[in-house]
Structure formats: structure tokens, C-alpha cells
Amino acid sequence: MANRSPYEPFRDLSSPNRNICPVTTELDGSGRLMVGGCLLSQLAERYDTPLYVLDRQTLRSSCVAYREALKKYYPGESLPLYASKANSSLILSNLVAAEGFGLDAVSEGELLTALRGGVPGERIVLHGNNKSDRELYLAYKNGVTIVIDNLHDIERLANLVPKEGNPAQLMLRFTPGIECHTHEYIRTGHLDSKFGFDLDDLEEVLLELKKSNWSVLNGLHAHIGSQIFELDPHRDLAKVMAEALQMARKIGHPIKDLNVGGGLGIKYIESDDPPSIQNWVEVVAKAVFEECLSRDLALPRLMCEPGRSLVANAGLTLYQVGSQKDIPGLKKYISVDGGMSDNPRPITYQSFYSACLADRPLDPTEETVTIAGKHCESGDVLLKEIALPSCKSGEILAVFGTGAYNSSMSSNYNRIPKPAAVMVDKGHSALVQRREGPEDLLRYDIFPEAFLELM
Ligand code: LLP
């Protein structure tokens, strides 16, 4: 069978998004998989399954790759921000802050996580197409830059900022009208997007904001989509953004930041071939530099907002194999102890993943199977058609590339508790998110006396 184990020793260690597995993946003397110096099957035994595993070294390498490339290819100042929607937790906020990153938050929850995790307010931007007053105020109070997405934001904020208070620090998001080839649900830069001001309305909004005495417009933002392998759309984006920068400065806004969003894709399966972080930054940085130079614009501080490419390949999920159902001539299902509640991406976007048995990654594959989750839904399939050695109940399956948009998109469908998360590094492991228990799931249920019939 053609399917190779996702573990392969020849990896592009300088750009973790180009490897299916974390960069520290290796085999122990018995051929069992280790990540961050920890044996995966032992982690499963110690912390139970399903288990999210995050490799600190992979995370660090991704941060270093962005930071160094920005320094190398952009002659002006720069600040990379972690798009925390990819995976929001105290430990990740803390780790990216320690690496000199800022952070992009889109809700009160993400904002609070970032602040408590140690990210300074001045290094956080708050996004969102329908921010609440609480979110706006929390951001304002902590000196967070608020990304104005629509007129509603402006009206709400104008009411919230105290008359004698500090001005609100703003960035303005617009829709650049750029198409790119990724899943329809995750494109945001085309014109019918719900995010940001239409390019045609930009001048009017900039003129309106110029009248404000409660805010300072420091930056411009655009984001074109996610899991993008093409580089050209980012060149086009730089041009549109430099034009907007020119217009905004002409109107008199002291724009110092240009935020080009995130979007760099990662390798989920063998056929995925995303550009490296270095290559992406080089293209983006040079394009912004050249577009500014040709318009004689002072260089802005360059910001970008990687999410997936920073954390996805640092993560994997461990499941325990349970029941099997063979439908002769049709397919064989192998069920695991998690599924669409801990990884909703396959059922939502028909996305693909790579996996192997944690203790036998290199065993010859013997059958093509379907890895099913345990939820009451036929579509709850984590991997369609994966070649594996025949396996027994109780064996540990490792699914790679789950560090982004898994935990952060998880649910309690079927009242299934959310998995724990551990971080690993140099042979040590530590719990970074505790496992939910059944009692946690009852925490918010109430028996109101007025409606109580049986007791
Ligand atoms: N900045 C903004 C304004 C964004 O909307 C996003 C992602 C990012 C940055 C980070 O993009 P990244 O570097 O991760 O591609 N749930 C989907 C992905 C949704 C992305 C939403 N916005 C998925 O699982 O594929």
C-alpha cells in the first residue's frame, strides 16, 4: 500500500509548517514514536485519551522563523502577532509573548486569555465584525488596539471612550477584493466578505474618523484567507494596502502600522507543499517595501497575523483505538475515543489529516480503513481511507497537524468532555489544559423550581 507513515526523518526543520509532524519527532530504540523527548504511548497512558499534545520546540521554531525572516527581509520595524483563534490558552499566550510576538484576539475570552497569559495590551489587537460593548471596553481599558471593522464599531466606541480619557488606539480593516484558492468558507478578502470596510467606502470612513477627538488611527489591516499555498495574492495585497496607506496619510492619519493578516498554509498530508515561513515573509516584506518605496511612503511597521502556520504542526492528537466494523467489499471502520467534538475540521471543511500507530509507525500497512469518531453522526469521520497495519483495540493512534483550529473549535456535542492538552519538551511533559469531566458538563445546567416536576 502506497501510504507512507507521516513520520519521516528528512524534514525541513527551519519551517515547521512544511512538516506533517512536530520537528522533534523521532523513534525510540524499539521504533516507537517520540515527540519532545516523550514517548507518545506513555503520554496517552499517563494523561488518558483523547489527548492534545503540543511540542514546545516546534512552536518556538515557528516563532523564530517568523521573527528572523521579518528582520532579514523587512528594513523597517515589524511585529508578528499570533492569531489566537487558532488555539487560545494561557500557556500559548505566554509562550508567544516570550518570543516577542503580539497577539490577535477576537473576543472577550481570547482577550482575557492573552492578558492573563502575559501579553502586554499594547501588543494586542482586537478583531471582530460584531464586537460587544464589554469587549470594546476591556480592550480600550488595557490599551489594546481595536480593529475597526464597520460603522457600528465606531458608533459604539465613540460612546464608550470617556470624554477626558486617553484616545482609543485604532486600526482599520478593509476588504481588499483579492481572490485566493482555498476552501470557500475560509476566504475573507473577497468583496462579499462580512469582514471590514468595502474598499470603495474607505476614503469616506477615513474622512469621518479624522473628525474624531476620541481616537487615533494608527494602522490599516486586511486579511485574505487561510490555508493559502499561493504567494501572488500577498503581492497583490501589498499593492492595495500601500495605496490605502497613501490615502490615509494624505487625509492626515498618523498611520504607522500595516497589518497584512495571516493565511500561510501548512502540510497536513504528503501531497501538501506549502511555502516556507521564510519564503512567505520574504514575499510579503519585499512587496510592502517596494510598494511603499515607489509611492515615496515612509515605511510602516509591518505586522502579520499567523495562526495555523505557527501552531498546527506543533500539535497532534492521541486517540485510543476501540471498536472495528468490517463491511466486506465496502470498507472497514476503526473507531476511536474522540472525533468531531475535538476535531470538527474534517466534517466542516472535508479536510484531510495524516496518522499512524504511535508504537508502530513504520510497520508495513496492511489495510485501508476509515477512522471514525464516537459521535452519533454518520459524518463523524476523522480520516477517510488511511492505510494502516491491522490494529487491535487499545492501540494508540496519533493524528498530526491538530495544533490549530482543533481545541479552539472543539465542542461538547453528545456531552462528550473536551480532551486535556499537554506540552512536551526535552523529555518533560506538563498538563496545560485539564481534561473536562462529566461533572464539568453539568456545571451550567439549572433545575428551576418553577418548572421542576420530578425530584
Ligand atoms: N487574521 C485574521 C483577521 C483572521 O481572520 C485569521 C483567520 C488569521 C489572521 C489567521 O489565519 P491563519 O494564519 O491561521 O490562516 N477554522 C478554519 C480557519 C479559519 C480562519 C479564520 N481567520 C480552519 O480550521 O481551517
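What you see below is based on every heavy atom in this structure, not just the backbone, and it leaves out hydrogens, waters and symmetry mates. Atoms within each ligand, like the ligands themselves, are counted from 1 in listed order. None of these values were measured; they are calculated from a predicted model. The first residue of the sequence shown is numbered 1, and numbering continues consecutively from there.
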Assess whether a salt bridge exists between [X] and [Y], defined as any Lys/Arg side-chain N lying under 4.0 Å from an Asp/Glu carboxylate O.
{"X": "Lys194", "Y": "Asp149", "value": "no"}
{"X": "Asp232", "Y": "Arg235", "value": "yes"}
{"X": "Glu291", "Y": "Arg295", "value": "yes"}
{"X": "Glu110", "Y": "Lys85", "value": "no"}

Give the atoms of ligand 1, by number and element, whose distance to some non-hydrogen atom of [X] is under 4.0 Å.
{"X": "Ser226", "value": "11 (O), 12 (P), 14 (O), 15 (O), 20 (C)"}
{"X": "Gly262", "value": "9 (C), 13 (O)"}
{"X": "Pro306", "value": "13 (O)"}
{"X": "Met409", "value": "16 (N), 24 (O)"}

Report yes if some N/O of [X] lies less than 3.5 Å from some N/O of ligand 1; otherwise report no.
{"X": "Gly263", "answer": "yes"}
{"X": "Arg173", "answer": "no"}
{"X": "Ala83", "answer": "no"}
{"X": "Ser309", "answer": "no"}

Per-residue contact class, [X] against ligand 1 - non-hydrogen pairs under 4.0 Å:
{"X": "Leu310", "value": "neither"}
{"X": "His223", "value": "side chain"}
{"X": "Phe195", "value": "neither"}

Just wondering, do Arg173 and His223 contact through their side chains at under 4.5 Å, heavy atoms?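 In short, these two side chains touch, coming nearer than 4.5 Å.
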Heavy-atom distance to atom 7 (C) of ligand 1: which of Arg345, Lys85, Arg308 wins? Lys85
If hydrogens are left out, which of His221, Glu305, His127, Gln227 has an atom nearest to atom 1 (N) of ligand 1, that is, the closest non-hydrogen atom?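 Closest candidate by heavy-atom distance is Glu305.
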Does atom NZ of Lys374 have more than 12 heavy-atom neighbours from other groups under 6.0 Å away?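 Count not over threshold, so no.
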Listed pairs under 3.5 Å, donor-acceptor, residues 139-148 side chains, sequence neighbours left out:
from   : atom 1 : to     : atom 2 : distance (Å)
Tyr140 : OH     : Asn166 : N      : 3.2
Tyr140 : OH     : Asn166 : O      : 2.6
Asn142 : ND2    : Leu138 : O      : 2.8

Who passes ring pair (Phe, Tyr, Trp, His ring centres under 6.0 Å) against Tyr353, sequence neighbours left out? Tyr268
Using the rule salt bridge (Lys or Arg N to Asp or Glu O under 4.0 Å), only one of Arg415, Arg434, Lys418 pairs with Asp440; which is it?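 For Asp440, the salt bridge (Lys or Arg N to Asp or Glu O under 4.0 Å) test succeeds with only one of Arg415, Arg434, Lys418, which is Arg434.
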